[in-house]
Amino acid sequence: MTTETAAAAVQATVYGYPRQGRNRELKRAVEGYWKGRVTARALRETARDLRRAGWAQLAGASLTEVATGDFSYYDHVLDTTVMVGAIPARHRAAVSADALDGYFAMARGTQDVAPLEMTKWFDTNYHYLVPELGPDTVFTADSTKQVAELTEALSGGHSARPVLVGPVTYLLLAKPAPGVAADFEPITLLDRLLPVYAKVLADLRAAGAEWVQLDEPALVQDRTPAELGVEALTYRVLGGLTERPKLLVASYFDRLGEALPVLAKAPVEGLAMDFTGAAAANLRELAAAGGLPGKRLVAGIVDGRNIWINDLQKSLTTLGTLLGLAARVDVAASCSLLHVPLDADVERDIDPQIRRWLAFARQKTTEITTLARGLAQGAGSITAELAANRADLASRAASPIAHDPAVRARTGAITDADGRRAQPYARRAVAQRAHLGLPLLPTTTIGSFPQTDELRVARADLRSGRIGTAGYEERIEAEVREVIAFQEKAGIDVLVHGEPERNDMVQYFAEQLTGYLATRHGWVQSYGTRYVRPPVLAGDVSRPDPMTVRWTTYAQARTAKPVKGMLTGPVTMLAWSFVRDDQPLAETARQVGLALRDEVNDLEAAGTSVIQVDEPALRETLPLRAADHSGYLAWATGAFRLTTSGVRPDTQIHTHMCYAEFGDIVGAIEDLDADVISLEAARSHMRVAGELAAAGYPREVGPGVWDIHSPRVPSAREAAALLREGLGAVPAERLWVNPDCGLKTRGWSETRASLENLVAAAREVRDELSAS
Ligand code: GLN
Ligand code: ZN
């Protein structure tokens, strides 16, 4: 094909679209179903309406090819597990009794059966359910969902492309099932899995799919030669099938690197590549590899993970270069638009001038179709769009929001000493022990207590003006009193105020820091029916007033036990926001670190002896390629220490992270120089405690003994058993007892029961220790 005919064929497409609906209708329907208020049929109808509305929106913006199969009631990796029939043994009865209830049982667990483990999807804040595989796994194809959604889109008159998690990524994301040897490698199941994919592909072909997209984001990570061999084999096999649609292998989140030549040679018809951010190197690597002669290239040129408008002129130039490198070039977002909110236009609280800098899923769709038109018909066909885009970019670059001289002066004056505590950990630990006087195996929680309907009503009442600030604060105070009273009664050692005043751990601070913008409807799926509203970090950051001191001191005045101050750390403040893309992240992190340091110091001055700085995002923000790790970890740990190093040696700094994958950051955890760390461990049977111990971690650790992602109440026996396992790795003097994470998504009844069981477990194990 010549360049002109290639240009004429340009398509505008996406790999996925927000699932939840304009008003999070999906969340309401699914949660209603769980509570028995919504029937299965009504849930299915809501889901179908949402899919239709999404496709209609895309088609309305002149997108030429929509994605199908990206919809999910809970998680697309769990959907893949269903598609390949890898239902864990413990869930099989529930799934065969009722597919939908069984599906939710795998996601959330039941009182009797544990759910699948959950972890972050690459370096995003989306969580997927980890497939559990073993040597006995038998795969069977179930293409029902994929075929039904394709049929729906086709009958709606859309040109549609089913999107599936690719087989290599699926296996690489899987874990050995419980009871299977830990060194079992799911990738060894490839030859059993491929026939199942072949069947699904054939079914989709029969249902009318011309193309099917296989998502292989795992290929942008560092891969061994053996894994690259698996990749080559997979696509040789799938490409060699006769009854199949055309295959588009999609990569995103980083550059393909060594995987690129392998895919370029594979007998598949198309490749999707990311050309934004760190993945921009793909352009050079693709040219060096000689392009993709004869293949379709889908160019992810609009950032699918951030919310700033695209530089259309720059993108058009890149696309023009790509046109010479493949038989056909299509325009897309860099990844599924699942990771951005739906529509910036509805953000009426944001200054219209600033709103022009923002592009959510809907606006990105327009950018994609505009670029596709510009590529197909020449820049002359989008002159007006290019001019408007230039003006918007210029107004952002010149905005005073982005340049606060006072903030610049302060970050410029930071010294090494600002990021170092006055005494080393070993001496601090002694001072803290004397100061706090805690028992062995101290019990605590991670911060939040249940966000009750009353609290939500109070917030809504405040927003609508039904109550004033004073009325709102009274309700929050009442909640704090109840949370303190419960913890006192339950016998917890280090108390929290419960965070009732916080809608969200990042947004709450963002609303009080200069430089952040809040959105009203900017919801993004975190996991299942849980959505977050990441704030927009648009300018230079500072803290005009204390943010949490009032609540912590209110709580402390009601108990003689220590109340833990509670802040979100600088790395997480960045990771769970949409960050500015006009300066290095390290610089933004220093600004946030200084603002939070002011808060930490004020808490200490107000009498707080234990301060937790949550960094659940430290690990997930780790760049996907090992070569980029050390640069990231240096600024990330530096910003944390900047936040926490201004306090006295006897003030105990805690940190918290919500996951169990630590292998590659143990060194960084040590570099944080926090005194105590709490972690998620219940679902992974305390494995993490062993990993930290094996790495020689010398500080105090609280591996969670209650999986708070499910409504299940752990018994005291169970928690005690986990604690004993923990003691196998961490000496009693350094072991804390706590849940995996905050309790805001839990109800009060399971919270009460579980925490009482936790305290009982701690007492039981303490007694054993003093007896022995
Ligand atoms: N302190 C927060 C809470 O308890 C921590 C939440 C988190 O780690 N995600 O809610
Ligand atoms: Zn957590």
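Atoms within each ligand, like the ligands themselves, are counted from 1 in listed order. Side chains included, hydrogens not; waters and symmetry mates left out as well; all remaining heavy atoms used.
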Does the pair [X]/[Y] count as a salt bridge with the N-to-O cut at 4.0 Å?
X    : Y    : answer
R699 : E670 : yes
D675 : R421 : yes
R550 : E501 : no
R530 : E31  : no

> Relative to Y531, does R533 satisfy both conditions: NZ or CZ under 6.0 angstrom from the six-membered ring centre, and within 45 degrees of the ring's axis?
Replying inline: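 Pair R533/Y531 does not count as cation-pi.
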>> When you measure from the centre of the six-membered ring of W635, is the NZ or CZ of R590 closer than 6.0 Å and no more than 45° off the axis?
In response: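 The answer is no, since R590 fails at least one limit relative to W635.
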> Between H656 and S678, is there a donor-acceptor pair closer than 3.5 Å when you use the side chain of the first and the backbone of the second?
Replying inline: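 Yes; at least one donor-acceptor contact below 3.5 Å.
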> Heavy atoms, side chains only, cut-off 4.5 Å: are Y128 and H76 in contact?
Replying inline: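 No. Closest side-chain heavy atoms not under 4.5 Å.
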> Looking at side-chain heavy atoms only, is the closest gap between T514 and R543 below 4.5 Å?
Replying inline: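 Answer no - side chains too far apart.
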> With backbone taken as N, CA, C and O and side chain as the heavy atoms from C-beta onward, which portion of S448 lies under 4.0 Å from ligand 1: side chain, backbone, both, or neither?
Replying inline: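 Both backbone and side chain of S448 come within 4.0 Å of ligand 1.
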Could you tell me which atoms of ligand 1, counted from 1 in the order shown, lie closer than 4.0 angstrom to a heavy atom of [X]?
X    : answer
C658 : 7 (C), 8 (O), 9 (N)
G447 : 4 (O)
E499 : 1 (N), 2 (C), 3 (C), 4 (O), 10 (O)
G742 : 3 (C), 4 (O), 10 (O)
D614 : 1 (N), 2 (C), 5 (C)

> So which pairs with a foot in residues 611-620 pass salt bridge (Lys or Arg N to Asp or Glu O under 4.0 Å), sequence neighbours left out?
Replying inline: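 Non-adjacent pairs meeting salt bridge (Lys or Arg N to Asp or Glu O under 4.0 Å): K120-E620, R619-D664.
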>> Closer than 2.8 Å to the Zn ion (ligand 2): how many protein N, O or S atoms are there?
In response: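 Number of qualifying protein atoms: 3.
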>> What I want to know is whether P616 and ligand 1 share at least one N or O pair that is separated by under 3.5 angstrom.
In response: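 No, P616 has no N/O under 3.5 Å of an N/O on ligand 1.
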> With only distance considered, is W576 within less than 3.5 Å of ligand 1 through an N or O on each side?
Replying inline: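 Checking ligand 1 against W576, no N or O pair falls under 3.5 Å apart.
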> How far is atom 8 (O) of ligand 1 from its nearest protein heavy atom, and which residue and atom name does that atom have?
Replying inline: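 For this ligand atom, the closest protein heavy atom is H656 CD2, 2.9 Å.
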> Looking only at protein heavy atoms, which one is nearest to atom 6 (C) of ligand 1, and how far off is it?
Replying inline: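 Checking every protein heavy atom, the shortest distance to atom 6 (C) of ligand 1 gives M505 SD, 3.4 Å.
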